[in-house]
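Along the sequence shown, the residues carry numbers beginning at 1.
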Amino acid sequence: MTVPATSAADLKSESVRSLYDQLIVRLKDLTHLNGISGILQWDQEVMMPKKAARARAAQLSTLAGVKHEKKTSPVLGALLEELERRRNNEDLSAVLNPYELANIHLAQQDYKEETVLPSEIVKAIAALNSKAVVAWVEARKESDFSKFAPYLEDQVKILRQKVAYMIQGGVCEEARKINEKARTSLGLTETDECYKGYYQVLLDGFEPGFKDDRLQALFSDLKENLVPLIAKIQAKDFQHDNSYIVADFDIKQQTEFTQRISKHIGFDTDAGRLDVSTHPFTGGAHPTDVRMTTRYTVDNFKEGITATVHETGHSLYEQGRSKEYRDTPVSRSLSLGVHESQSLLWERMVMLSKPFWTYALPLLKEQFTDHQTLQDITVDQFYNAFNRVKPGFIRFQADEVTYPMHIILRYEIEKALIEGDIQVADVPALWNSKVKEYLGLEVPEDSVGCLQDIHWSSAAIGYFPTYTLGSIYAVQIFGAAKEAIPGLEEHLAKGEFHVLKEWLNKNVHEQGSLRESGDELVFDLTGKHLDSSLYVKYLTEKYTAIYDL
């Protein structure tokens, strides 16, 4: 049993192993508190009574304060400082393995980020998030942006305050450089308001090490290549029949079928739950307690199966994290982009593929014997119908060719909001104009426009780009899996999903945050850094065949 040191002098006399063990005790406590928070947030979106909103906001605010206090504990700081001193004077790898060294590095990063933030800011963000989510649900229900706008204004203000503390505390050097350059070019002093570079900090929080200028270049490349592809498909003036998908599908039967598929893919229901929520998500407390939600539409079978398989991909990542290092930083997911790559890999590379429906279509026909048109459909017809390209309002329902346009417009708006180029009041009109420009559609109301996503209500600004980064990661990771697993598509056609799941467990999920970035992970797997041209190639080849371009 490790006896905690009680002073800085005591720490200097401790062995590296003892220091590490004391650190891990504190880090595990933080993980457990995060787990409690995760369950409260899941309950808020899935089962909480409406009248409990105010109480839940207070609970989450108090819990955020407790977590912040533990994250900024002077004893934790002293442990990290002593370990850093030892690292500068001796080879810690002689005592600690790469996973343990990564735990120290990640804990030092976390501590630096937390200690620059006052507890009042942390508690205020948690309370605002809880209130804003409730306001968003109501505003979306009534399709009235004005009911959510005050909360979004507060989110922008408090995120700017958070970012300012982080830049001043040296958390994101890239953002500081961007801000300093902007101030110089605009002739501003340090006391003048300038939010340029602030988005970089928020992006870095979801996709560590990814620069905003590189993101702009990737998105520019996608615009340049995908807009013409969409135009070519639309110019065909032809659509594959999907009347047997957009039909009356009993919700109970949909639920039975999608849960069956999710479990067969590998979701462990003894270590997780599958429920329904307004916005599908995956959360929970631990790899043994993963809370996944989906949603169903009675007249569109595709929505339910797509959401369920997508969230199953997230859940497999969570359930597949390292058993040996659970509850420590190194076991957590590497980035939101990598996490999204796992959901998109299962949704798009697998579920939208012909091999998958070779296996699943007979099961679907068994589930819905009363759908006569479905009984007569071939795998090719079903595959083509499931992969129809048609611009729509809802990101969640978008096909994989138009999907990046949804992400790009959100990225452009949220970056402009944070950096002061637009005001909250501008959002609906700007949103609608970008939908018109990128997708050729007229937005009829806010509920299918700027109110459709939950992210801004929970302060997840900087999150949206990870969806498209995840798409690019997914193509490259699946390509590596196909090279490593002989006859992978034949396995999928037989429903032998475990061969892919086990490969992902080993090469992605169990790796956790051992590497410093998603780019490093994908390079180790594929020999290439994140490459948008491979994503464009995948889409172009697939949809050229489907639409005979």
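Looking at Gln342 and His509, their side chains do bring a donor and an acceptor atom within 3.5 Å of each other. Side-chain atoms of Trp456 and Glu414 form a donor-acceptor pair, as typed in the model, at a separation below 3.5 Å. For the 3.5 Å distance criterion, the side chains of Ser262 and Thr312 qualify, holding a donor opposite an acceptor. Side-chain contact check for Tyr543 and Asn387: at least one donor-acceptor pair (N or O, by modelled atom type) lies under 3.5 Å. Residues Glu303 and Thr297 bring a donor and an acceptor atom of their side chains to less than 3.5 Å of each other. A donor and an acceptor atom, one from each side chain of Lys436 and Asn432, are nowhere located under 3.5 Å apart. Donor-acceptor pairing under 3.5 Å is lacking for the side chains of Glu400 and Ser471. In this model, a donor atom of one side chain and an acceptor atom of the other lie less than 3.5 Å apart for Glu340 and His314.
Residue-environment remark: CD (Gln239) exceeds the threshold of 12 foreign heavy atoms within 6.0 Å. For Glu520, the CD atom sits in a packed shell: over 12 heavy atoms of surrounding residues, nucleotides or ligands are nearer than 6.0 Å. Within a 6.0 Å sphere centred on NZ of Lys181, heavy atoms belonging to other residues, nucleotides or ligands number 12 at most. Counting non-hydrogen atoms of neighbouring residues, nucleotides and ligands closer than 6.0 angstrom, the NZ atom of Lys232 reaches no more than 12 such neighbours. The neighbour count for Phe145 CZ, taken as heavy atoms of other residues, nucleotides or ligands under 6.0 Å away, is above 12. Heavy-atom contacts from other residues, nucleotides or ligands closer than 6.0 Å to NZ of Lys211 number 12 or fewer.
Of the possible donor and acceptor atoms, none in the side chain of Thr308 sits under 3.5 Å from a partner among the backbone N and O of Ile305. Under the 3.5 Å distance criterion, the side-chain polar atoms of Glu347 are left unmatched by any main-chain donor or acceptor of Ala307. Counting only distance, with no hydrogens or angles, the side chain of Gln476 and the backbone of Thr526 share no donor-acceptor pair below 3.5 Å. Ser458 places no side-chain N or O within 3.5 Å of a backbone atom of Asn129 that could act as its donor or acceptor partner.
Figure legend: cation-pi geometry between Arg348 and Tyr403, with NZ or CZ positioned under 6.0 Å from the six-membered ring centre and within 45° of its axis. Cation-pi geometry between Arg395 and Tyr467 is met: under 6.0 angstrom from the ring centre, within 45 degrees of the axis.
Relative ring orientation between His264 and Tyr359 is described as parallel, the plane-to-plane angle staying below 30° on a 0-90° scale split at 30° and 60°. A tilted orientation is assigned to the rings of Phe206 and Tyr463, their planes being inclined by 30° to 60°. Ring orientation note: the planes of His279 and Trp136 are nearly perpendicular, at an angle over 60° on the 30°/60° scale.
Each of Leu469, Leu530, Asp524 was scored for a side-chain contact (heavy atoms from CB on, under 4.5 Å) with Asp519, with one residue passing: Leu530. Screening Phe523, Tyr473, Phe210 against His529 for a ring-ring contact (aromatic ring centres under 6.0 Å, His included) leaves a single residue, Phe523.
Salt-bridge check for Glu541 with Lys537: passed, with a basic side-chain N closer than 4.0 Å to an acidic carboxylate O. Under 4.0 Å is where a charged nitrogen must lie from a carboxylate oxygen, and between Lys354 and Glu489 no such pair does. Salt-bridge annotation for Glu412 and Lys415: absent, with no side-chain N of the basic residue lying under 4.0 Å from a carboxylate O of the acidic one.
Contact between Leu159 and Ala459 at its shortest, heavy atoms only, is CD1-O, 4.1 Å.
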Exercise for the section: Just do the ring-ring contact (aromatic ring centres under 6.0 Å, His included) check on Tyr411 and Phe464 with the steps written out, would you? Expected result: CA-CA 6 Å; Tyr411 159 70; Phe464 277 120; over 10 Å; no

Validation: residues 161-175 side-chain donor-acceptor distances under 3.5 Å, sequence neighbours left out:
residue, atom, partner, partner atom, Å
Glu173, OE1, Arg176, NE, 3.1
Glu173, OE2, Arg176, NE, 3.0
Glu173, OE2, Arg176, NH2, 2.4

